[in-house]
Engineer: 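So that we are looking at the same thing, I have put the structure below in structure tokens.
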Amino acid sequence: MPEVTLVEAINRALGRAMADDPDVVVLGEDVGVNGGVFRATVGLQERFGPERVLDTPLAELLISGLCVGMAAQGLKPVGEIQFMGFIYPCLDQLVNHASRMRNRTQGRLTCPMVLRTPHGAGIRAPEHHSESTEAMLAHIPGLRVVIPSSPERAYGLLLAAIRDPDPVVFLEPTRLYRAVKGEVEDNGEALPMDRAFVEREGRDVTLISWGAMLKETMAAADALADESIAAEVIDLATLKPYDENTVLRSVAKTGRCVIVHEAAHTGGFGAEIAAIIAERGLSSLLAPVTRVTGYDTIIPMARLEQRYMPSVERIVIAARKAHQYN
């Protein structure tokens with residue numbers, strides 16, 4: 001089976017969903033004729049026509065509002081926001097309408113929409129193109145937040161998101177779009193949302209991450225293995241609602257936890273995980289929970305971008321320090 005990139009896996013999942021269900025529509029800026037800014041939707045308009053792959057004006061509030069209206073009337077829209085830094089106009093629709101549809105109508109209506117957007121830094125993009133504000137979205141009740149870390153996960157989780165009856169924000173790690181490849185069979189099989197994936201078994205320290213930072217986290221686990229420190233690596237994958245039980249089981253086994261994300265430190269989603277461990281797993285801890293994150297600054301421009309993002313070295317130092325506790 002030929003390997004595909006993450007962005008190709010996204011394209012396959014969209015094509016499969018549209019072929020399987022005539023109610024699935026794709027919309028966004030340049031998604032049709034040009035195939036999207038990263039070519040995630042290339043070829044879809046030729047296959048399914050302009051009625052199902054719609055080029056919209058440069059108006060993110062319009063895109064999210066159209067998704068809500070379409071979803072309320074029985075369609076399954078998949079909207080694309082070109083970069084996460086442009087998603088903020090959509091918050092009005094996500095907070096006030098999409099996430100509340102089921103509750104507001106006492107279950108008579110749901111909102112089966114997906115809002116896709118590239119996520120994170122690492123491609124030397126200009127301002128507003130490198131955001132990692134997933135914690136803000138995860139704070140919204142009624143909204144799922146999903147971040148794949150591989151082509152296989154991107155394919156399966158996007159299919160699950162499109163088939164879900166409630167709204168999902170699907171964050172695609174930009175620097176992994178073409179940096180990783182995997183075997184993806186276009187068989188229409190979805191992966192379960194709301195479940196974390198144990199990437200690597202270990203006994204000494206738990207490393208938790210998601211999205212693009214899983215690459216550095218796995219590399220740190222390899223480096224720790226050279227020091228005879230067996231790290232267990234968890235890909236959270238779904239941030240809202242996230243798989244608390246897998247996290248707590250792992251911490252109960254290792255007694256130590258390092259959480260890695262490229263979002264800013266204060267108020268990042270790692271704080272939520274640390275809080276759950278403190279509430280429900282405190283007696284298992286042999287060392288304080290540690291976070292290795294981005295800094296409380298605007299993501300810098302290209303020359304300083306790599307200094308902002310958590311490095312393998314920073315993760316290894318944090319895990320080594322946790323391991324030294326008795």
Side-chain angles (χ1 to χ4, degrees), residues 132 134-135 137-139 141 144-150 152-153 156-157 160 171 191-263 265-294 310-326:
S132 296
E134 63 269 20
L137 296 167
H139 187 66
R144 272 186 168 82
V145 180
V146 178
I147 309 179
S149 61
S150 70
E152 299 90 338
R153 302 239 165 102
L157 290 172
L171 304 178
L191 286 174
M193 294 189 293
D194 312 344
R195 196 186 82 185
F197 299 89
V198 179
E199 287 289 295
R200 181 174 182 147
E201 298 279 350
R203 65 182 181 277
D204 296 323
V205 60
T206 298
L207 306 181
I208 301 174
S209 192
W210 50 88
M213 284 312 306
L214 199 70
K215 181 180 178 182
E216 284 76 12
T217 304
M218 289 294 289
D222 290 337
L224 290 165
D226 293 338
E227 303 177 18
S228 298
I229 300 174
E232 182 150 297
V233 179
I234 294 176
D235 175 11
L236 212 57
T238 302
L239 266 62
K240 178 71 176 287
Y242 75 98
D243 186 353
E244 298 176 6
N245 291 331
T246 293
V247 168
L248 292 169
R249 278 196 302 268
S250 180
V251 173
K253 178 168 64 172
T254 66
R256 304 168 180 87
C257 183
V258 177
I259 305 162
V260 183
H261 61 71
E262 71 177 70
H265 185 80
T266 301
F269 197 75
E272 171 64 27
I273 301 170
I276 284 294
I277 295 171
E279 290 174 4
R280 296 178 54 193
L282 184 62
S283 60
S284 300
L285 289 176
L286 301 173
V289 176
T290 304
R291 289 174 288 162
V292 180
T293 72
S311 64
V312 173
E313 181 183 13
R314 286 176 60 195
I315 301 168
V316 168
I317 290 172
R320 188 187 294 141
K321 184 177 179 181
H323 186 253
Q324 290 170 351
Y325 278 86
N326 293 323

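All heavy atoms count here, side chains included; hydrogens, waters and symmetry mates do not.
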Engineer: Report yes or no: do S311 and R314 form a side-chain donor-acceptor pair below 3.5 Å?
Structural biologist: no
Engineer: For a 4.5 angstrom cut-off between non-hydrogen side-chain atoms, does V247 reach I273?
Structural biologist: yes
Engineer: Only one of V198, L214, V205 passes side-chain contact (heavy atoms from CB on, under 4.5 Å) with V233; say which it is.
Structural biologist: L214
Engineer: Under 3.5 Å, is there a donor-acceptor pair between the side chain of R256 and the main chain of D204?
Structural biologist: yes
Engineer: Looking only at non-hydrogen atoms, find the nearest pair between L224 and A231 and report the distance.
Structural biologist: CD1-CB, 4.1 Å
Engineer: L191 and A160: which non-hydrogen atoms are nearest, and at how many Å?
Structural biologist: O-CB, 3.2 Å
Engineer: Do you know which two heavy atoms are closest between I208 and L236, and how far apart they sit?
Structural biologist: CG2-CD1, 4.3 Å
Engineer: Indicate whether the side chain of H265 and that of R291 have a donor and an acceptor atom separated by less than 3.5 Å.
Structural biologist: yes
Engineer: Counting distance only, does the side-chain N/O of T246 pair as donor-acceptor with the main-chain N or O of A196 below 3.5 Å?
Structural biologist: no
Engineer: Please find the pair of heavy atoms, one from R203 and one from S228, that lie closest to each other, and give the distance.
Structural biologist: NH2-O, 4.2 Å
Engineer: Minimum heavy-atom separation for G270 to W210, with atom names?
Structural biologist: N-CH2, 4.1 Å
Engineer: To the nearest 0.5 Å, how far apart are CD in E313 and CD in E216?
Structural biologist: 13.0 Å
Engineer: In Å, rounded to the nearest 0.5 Å, how long is the span from SG of C257 to CG of L285?
Structural biologist: 8.0 Å
Engineer: Inspect the surroundings of CD in E227 and state if more than 12 heavy atoms from other residues, nucleotides or ligands are less than 6.0 Å away.
Structural biologist: yes
Engineer: Measure the shortest side-chain to side-chain distance between R200 and T217 over non-hydrogen atoms and say whether it is less than 4.5 angstrom.
Structural biologist: no
Engineer: Considering residues, nucleotides and ligands other than K215, do more than 12 of their heavy atoms fall under 6.0 Å from its NZ?
Structural biologist: no
Engineer: Could you walk me through whether Y242 and I276 pass side-chain contact (heavy atoms from CB on, under 4.5 Å), step by step?
Structural biologist: CA-CA 11 Å; Y242 75 98; I276 284 294; 2.8 Å; yes
Engineer: State whether F197 and R153 meet the cation-pi test: NZ (Lys) or CZ (Arg) under 6.0 Å from the six-membered ring centroid, and within 45° of the perpendicular axis.
Structural biologist: yes
Engineer: What distance do H261 atom NE2 and E134 atom CD have between them, rounded to the nearest 0.5 Å?
Structural biologist: 7.0 Å
Engineer: I'd like to know if D194 and R144 make a salt bridge, using a cut-off of under 4.0 Å between side-chain N and carboxylate O.
Structural biologist: yes
Engineer: Give, for atom CG of L207 and atom CG of D235, the distance between the pair rounded to the nearest 0.5 Å.
Structural biologist: 12.5 Å
Engineer: How close do A212 and E262 get, heavy atom to heavy atom, and via which atoms?
Structural biologist: CB-OE1, 4.3 Å
Engineer: I want to check something: taking the side chain as every heavy atom from C-beta on, are V258 and V292 in contact at a cut-off of under 4.5 Å?
Structural biologist: yes
Engineer: Output the distance between atom OG1 (T238) and atom CG (L157), rounded to the nearest 0.5 Å.
Structural biologist: 6.0 Å
Engineer: Is the shortest side-chain heavy-atom distance between L239 and V146 below 4.5 Å?
Structural biologist: no
Engineer: Quick one about E232 and T206 (side-chain donor to acceptor, distance below 3.5 Å, no hydrogens or angles considered), yes or no?
Structural biologist: no
Engineer: What distance separates R195 CZ from D243 CG, expressed to the nearest 0.5 Å?
Structural biologist: 8.0 Å
Engineer: K253 vs E201, test: salt bridge (Lys or Arg N to Asp or Glu O under 4.0 Å). Steps then yes/no.
Structural biologist: CA-CA 10 Å; K253 178 168 64 172; E201 298 279 350; 3.0 Å; yes
